[in-house]
Amino acid sequence: MVVIMNNPPAFPSGNEVTLGNWRSSGHTGMTLRDYMAAKALQGYISARGWHPDFTYPADFNFDAGKRAADAVAVASYQYADAMLKAREA
């Protein structure tokens, strides 16, 4: 696992929320890294439209032999890590 030092919550909320019998005194939300990875994943899927079970051909330069879903998930977090690093520059 990659440890990201500057990975704050993306949408923190300190507000108290009550829905019926359920009550929350706030939450930290997803991390900024997860949010950025989700955005990168959305871009990959919309640009390529690959089926998650598509397997890259053996001679393909990008993650040959991997399922598209696995390769794109890893790449999405790599983009998120790069974006977090750029924030520190």
Practice item. Looking only at non-hydrogen atoms, find the nearest pair between Ala37 and Ala80 and report the distance. Key: N-CB, 3.6 Å
**Study point:** Leu41 reachable from Tyr79 in the ILVMFWY side-chain graph, under 4.5 Å edges
**Key:** yes
Check your understanding: Taking only residues two or more places apart in sequence, or in another chain, which ones meet Lys85 in a side-chain contact (heavy atoms from CB on, under 4.5 Å)?
Key -> none
Practice item. Give the cluster check for Met83 versus Leu32: same hydrophobic cluster or not, with ILVMFWY residues linked at side-chain heavy-atom distances below 4.5 Å. Key: yes
Review point. Can you tell me how far the CZ atom of Arg33 sits from the CG atom of Leu84, to the nearest 0.5 Å?
Key: 7.5 Å
Check your understanding: Which residues pass the side-chain contact (heavy atoms from CB on, under 4.5 Å) test with Gln78, sequence neighbours left out?
Key -> Val74, Ala75
